[in-house]
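All residue numbers in this chain count up from 1 along the given sequence. Start at 1 and go down the list; that is how both ligands and their atoms are numbered.
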Amino acid sequence: MRPFAYERATDVRDAIERVVGDPEAVFLAGGTNLVDHMKLGVRAPERLVDVRRVAFGGVEERPHGGVRIGAGVSNGELAAHPVIREGYPALSRALLAGASGQLRNLATTGGNLLQRTRCVYYQDATTPCNKRDPGSGCSALTGYTRYHAILGASDECVAVHPSDMAVALVALDAVVEVAGPQGSRELAVADLFRSPGNEPQRDTVLDHGELITAVLLPELPLARRSTYLKIRDRASYAFALVSIAAGVELDASGRIAALRIALGGVAHRPWRALRAEAALRGTVPHADAFSAAADAELADARPLADNGFKVPMARRAVIDVLTRLTERP
Ligand code: SF4
């Protein structure tokens with residue numbers, strides 16, 4: 001590990017000022033991803049600005065509906081919070097599907113969103129990787145691709161986003177509150193993440209020195225009828241091969257009045273299944289309709305050498321989750 005400076009920020013403004021003018025400075029929150037990468041030699045920031053003692057706020061119901069989640073709230077606390085468990089079960093389930101109990105107690109809401117891919121080549125500093133070392137090449141294109149993308153990839157990167165929480169937040173129409181040197185802004189979690197294109201080194205649209213201060217959950221009737229399914233190689237402490245977060249609202253006649261679906265483990269960003277949603281909105285729930293909607297969503301899938309199984313796996317996950325959500329009274 002290379003030497004680095006460590007500083008503790010007193011508040012949001014102080015944290016931003018310490019990072020924005022120094023290209024070698026990064027924010028440190030729970031450290032569950034960044035510190036691993038420093039040990040592996042994947043990343044070598046010269047200055048860590050610790051934001052763990054910054055007062056971002058807790059889990060607070062908003063006066064006009066919805067919930068504000070401070071960026072420093074731990075994944076464990078968020079998963080167990082009664083407001084989240086009852087009002088946004090997809091989010092609680094996604095958090096509990098991620099990592100281990102110890103890691104969830106340390107990892108933060110803001111840090112979870114900014115964790116980096118677990119592509120084995122990205123994490124092996126001896127191999128070419130455009131995300132770690134732009135222009136060096138992509139080892140996965142000729143390597144082992146069981147865990148890689150089937151949707152939205154580019155010739156420069158076929159990695160997937162590792163966060164379970166982010167998939168649930170995209171399905172729940174969540175928004176991130178971001179503070180930066182020019183002030184604060186809000187953007188949909190779905191717009192926070194990037195497709196790899198020809199800049200795979202950039203996972204998000206955030207600029208250097210911008211800090212996530214909160215996640216905002218809207219008041220959303222379908223959120224109460226939502227869930228998260230994660231399919232992985234072992235029962236715990238494994239990243240998704242395929243995952244799905246979905247929420248459904250039925251009208252009085254039993255038709256689908258509203259729904260939102262996001263897929264994980266399939267793309268560089270949580271994949272909002274807009275085609276499937278459009279195909280099902282206003283219809284009577286039925287397995288054939290779910291199957292056709294999944295096929296429409298996956299029509300552009302481009303599996304790699306080792307991950308062709310992800311297409312039927314994602315298809316069955318969509319059918320299974322929508323069937324369960326629409327069968328409940
Ligand atoms: Fe790097 Fe992306 Fe290729 Fe993995 S898939 S080796 S992260 S460029």
Asker: Would you mind reporting whether Leu322 and Ile261 have side-chain heavy atoms less than 4.5 Å apart?
Answerer: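 Side chain of Ile261 against side chain of Leu322, heavy atoms only: contact under 4.5 Å found.
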
Asker: Show me, pair by pair, the donor-acceptor contacts under 3.5 angstrom made by side chains of residues 236-248, not counting sequence neighbours?
Answerer:
unit_1	atom_1	unit_2	atom_2	d
Ser243	OG	Tyr228	OH	2.8
Ser243	OG	Gly264	N	3.4

Asker: Applying side-chain contact (heavy atoms from CB on, under 4.5 Å), name anything that partners Asp207, two or more places apart in sequence or on another chain.
Answerer: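 Expected list: Glu210.
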
Asker: Among side-chain atoms of Ser291 and Arg315, is any donor-acceptor pair under 3.5 angstrom?
Answerer: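 On atom types as modelled, these side chains qualify, holding a pair under 3.5 Å.
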
Asker: By number and element, which atoms of ligand 1 are closer than 4.0 Å to a non-hydrogen atom of Ser139?
Answerer: 6 (S)

Asker: Enumerate the residue pairs fulfilling ring-ring contact (aromatic ring centres under 6.0 Å, His included) with a member in residues 112-138, sequence neighbours excluded, ordered by first and then second residue.
Answerer: His37-Tyr122

Asker: Sort by chain and number the protein N/O/S atoms found under 2.8 Å from atom 2 (Fe) of ligand 1.
Answerer: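 Near atom 2 (Fe) of ligand 1, below 2.8 Å, one finds Cys157 SG.
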
Asker: Between Arg146 and Phe309, is NZ or CZ placed under 6.0 angstrom from the six-membered ring centre and within 45° of the ring axis?
Answerer: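 Yes, Arg146 and Phe309 form such a contact.
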
